[in-house]
Amino acid sequence: MMERFYNPVFVKELKLRFRSFKSFSGLMFYLAVICIFIAGFLLITTGFTGKGFFKPETSFMMFAVLTILQMALVLFITPSLTAGAISSEREKQTLNILLTTTQSSTQIIVGKLLSSVAFLVLMLIAGLPLYSLVFLFGGVSPSQLISIFLFYLLTVVAIGSIGVMFSTITKRTIVAMISTYGSIIFLGGITAFFFFLTVAFHQMGNTALGTTTSYMAYFWASINPGALMLTLTSSSMGDALAQVSGVELPVWISYLIVYSLIIVFCLTIAIKKLRANMKSNR
Amino acid sequence: MIEIRDLTKRYGSFTALDHLNLSLEEGVVFGFVGANGAGKSTTFSILATLLSPTSGDAFINGKSVIKEPKELRKLIGYMPDFFGVYDQLKVDEYLDFYGASYGIGAAERKVLIPQLLELVNLTNKRYDYVDLLSRGMKQRLCLARALIHDPKVLILDEPASGLDPRARVEMRDILRNLKSMGKTILISSHILPELAEMCDEIGVIDNGKLIAHGNVASIQAQLQGEKRIVVKVTDCLNEVRAFLEEDPLISSIDVIENRLEIAFNYRGTDADQVALLKKAILANLPIYALSEEEKDLEDVFMAITKGADNQ
């Protein structure tokens, strides 16, 4: 039974990943950044009040900022783990041998993606004890935390799929990495810029907010990971967006649909292009 | 066992393979000879299901490289001319990974790996990291990897390339062993004499075309029919030379004075050669030995490809 679900590429990649110093240092860097942030936040907030206590509202603020920071870190780390998935095999001249085995293109691509995602999940889990500090001070519900982690996972898989796709269609890892970071800048930065631009244009044409619907503004917000995290951490953010865009549909639903489509599209391309020199991709 | 039909591969205007046809029986060791860029690696890549032909098809055990690549991969073990290894895998993990990649169960892999390592003389390196092995050891490990699923056909692209003489001899011994196991082996090498002693059949490829195919002897026979004969004398080099010049079947006479030898091309039959020898004895010429110069595969290759260029 276990043999049926055994993916050799996944197991091999995990072995290689956990043996490399790069992974260890990456995990250390990630935890160090979160530690420094939390310690700094606690020191500054308690220092400012001068009373040595921590209000639930402040705890919630820490949670919100930590959520955005963690998302930024995940977006920053994912390309480095996935953009070399296939191109590094090509550069190391191991790909041809791998392609002559009886593993299907789907098995190889999924194995590569899952191994990267597994490492990122480990990172997120390793950060959980630090993240859980917010529970000490209240203001955040466990269901909120779970939903945020599920959306982290979705984002990681989507960005990972983009990385694996570029890694398959480009010959060099560096090109794949630049392309993946470019996609992240688009999803995380340019969409935010377009959102504000669309809202501004929309408001120029309408005097009262919420009187008309701007699907474009909603679309840009719904594919932005930062916007999603803000609406997930604070329902008032979701209400504000609904008021600005005139669309009542929660952002997480559109985000789930768009990012699922990204995953399907990128993995399909990667699977089709893995054996690009063969007419059949089996 | 292997059937290549009208295999053509074009890259833009460049034709790497031009209507290649080849048929090989099971258990044959086939040597593919050709200059760099002649089309050997392209043929091997197509057979290994890494490359689609522009036209034509190739079959191994009746499976088409175009229509049934996955089924065909079970039948072949491929060793490319250039290959890398995973830095942080140990030798047994490396083989275990590829064994699993061919769908071999964990229990079976445990039994197979020591056997394969013994076959390629790497038993003592089982727990070493792959990237720390020497070039020759990596080549042998790659061969073990190609054998892990017990393929019927081995496709070895320049397996002795870059190896020192000892590693080359070791590789040759392993291949002999595999031949005795009944594997069909396709092997390319630019070191031609190596192939001559190992291969049952040889194919010469030039500019994407198979210009000769057969055993070494038959390919030699395809040459113009001229033999290169060497006579050894005790003295009177000039007299012997004058005698040979009179024969209309003799050409290209070279006198090697320091060794008291004369070499010449002879177009006659074996009976003509007997008559020539008799005539020389009757003429009292001091000839003490007459022998046919052995043409090695390199000469054959040079002669055939030169002929192809002139066409």
Side-chain angles (χ1 to χ4, degrees), chain A residues 1-25 84-112 115 119 171 173 271-282, chain B residues 9 11 41-42 44-54 57 64-90 93-94 96-109 129-131 142 145-146 148-149 151 155 157:
Chain A
M1 187 66 186
M2 282 300 286
E3 291 280 333
R4 263 185 74 186
F5 298 103
Y6 186 82
N7 185 319
V9 171
F10 172 70
V11 176
K12 184 262 293 176
E13 286 294 312
L14 275 189
K15 243 180 224 172
L16 292 180
R17 208 172 281 287
F18 285 102
R19 278 178 188 171
S20 81
F21 179 74
K22 207 171 84 178
S23 304
F24 165 74
S25 55
I86 302 297
S87 51
S88 69
E89 291 259 3
R90 203 176 279 126
E91 284 164 354
K92 283 184 197 161
Q93 296 181 317
T94 50
L95 185 64
N96 273 356
I97 296 177
L98 188 60
L99 295 182
T100 55
T101 66
T102 50
Q103 284 195 91
S104 65
S105 302
T106 311
Q107 265 180 304
I108 296 171
I109 292 291
V110 169
K112 287 277 181 186
S115 66
F119 184 75
K171 285 191 174 145
T173 302
I271 289 164
K272 285 213 177 297
K273 293 287 176 188
L274 182 66
R275 288 184 163 102
N277 294 326
M278 284 300 288
K279 282 171 191 159
S280 156
N281 66 336
R282 283 182 294 167
Chain B
K9 181 71 190 174
Y11 299 98
S41 293
T42 305
F44 281 6
S45 294
I46 291 173
L47 287 175
T49 73
L50 291 169
L51 204 59
S52 272
T54 309
D57 203 347
S64 156
V65 289
I66 300 168
K67 291 176 190 146
E68 300 146 289
K70 195 165 182 181
E71 286 72 31
L72 194 135
R73 281 180 207 124
K74 292 175 192 162
L75 301 171
I76 57 158
Y78 173 62
M79 185 170 160
D81 47 354
F82 298 105
F83 64 90
V85 289
Y86 299 109
D87 294 349
Q88 285 167 340
L89 276 191
K90 290 178 182 171
E93 289 171 340
Y94 179 83
D96 188 69
F97 164 61
Y98 284 105
S101 297
Y102 280 105
I104 301 167
E108 206 181 330
R109 294 200 300 270
Y129 281 101
V130 174
D131 59 327
C142 191
R145 192 258 327 139
I148 194 130
H149 56 301
I155 300 170
D157 200 356

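Per chain, numbering begins at 1; letters A, B, ... match sequence-line order. Bear in mind the structure is a predicted one, so any value in this text is a computation, not a measurement.
Here A:Ile97 contributes atom CD1 and B:Cys142 contributes atom SG; the two are 4.0 Å apart, rounded to the nearest 0.5 Å. To the nearest 0.5 Å, atom CZ of residue A:Arg275 and atom OG1 of residue B:Thr49 are 6.5 Å apart. Distance check: B:Ser101 OG to A:Leu99 CG gives 11.0 Å after rounding to the nearest 0.5 Å.
For the residue pair A:Thr94 and B:Tyr98, the shortest heavy atom distance occurs at O-OH, 4.4 Å. Residues A:Arg19 and B:Gln88 come closest through the heavy atom pair NH1-O, 2.7 Å. The shortest heavy-atom contact between B:Tyr86 and A:Leu98 is OH-CD2, 4.4 Å. Residues A:Thr102 and B:Gly103 come closest through the heavy atom pair OG1-N, 4.3 Å. Counting all heavy atoms, side chain and backbone alike, B:Ala100 lies closest to A:Tyr6 at CB-CE2, 3.6 Å.
In this structure, the side chains of B:Tyr102 and A:Thr100 come closer than 4.5 Å at one or more pairs of heavy atoms.
For a residue to count as touching a neighbouring chain, one of its non-hydrogen atoms must lie under 4.5 Å from one of that chain's; by this rule A:Glu89 touches chain B with the side chain only.
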B:Phe97 vs A:Val9, test: side chain to side chain contact (heavy atoms under 4.5 Å, CB included). Steps then yes/no.
CA-CA 8 Å; B:Phe97 164 61; A:Val9 171; 4.2 Å; yes
Is there a side chain to side chain contact (heavy atoms under 4.5 Å, CB included) between A:Thr101 and B:Arg73? Walk through the geometry before answering.
CA-CA 6 Å; A:Thr101 66; B:Arg73 281 180 207 124; over 6 Å; no
Applying side chain to side chain contact (heavy atoms under 4.5 Å, CB included) to B:Leu89 and A:Leu16, what does each step give before you reach the verdict?
CA-CA 7 Å; B:Leu89 276 191; A:Leu16 292 180; 3.8 Å; yes
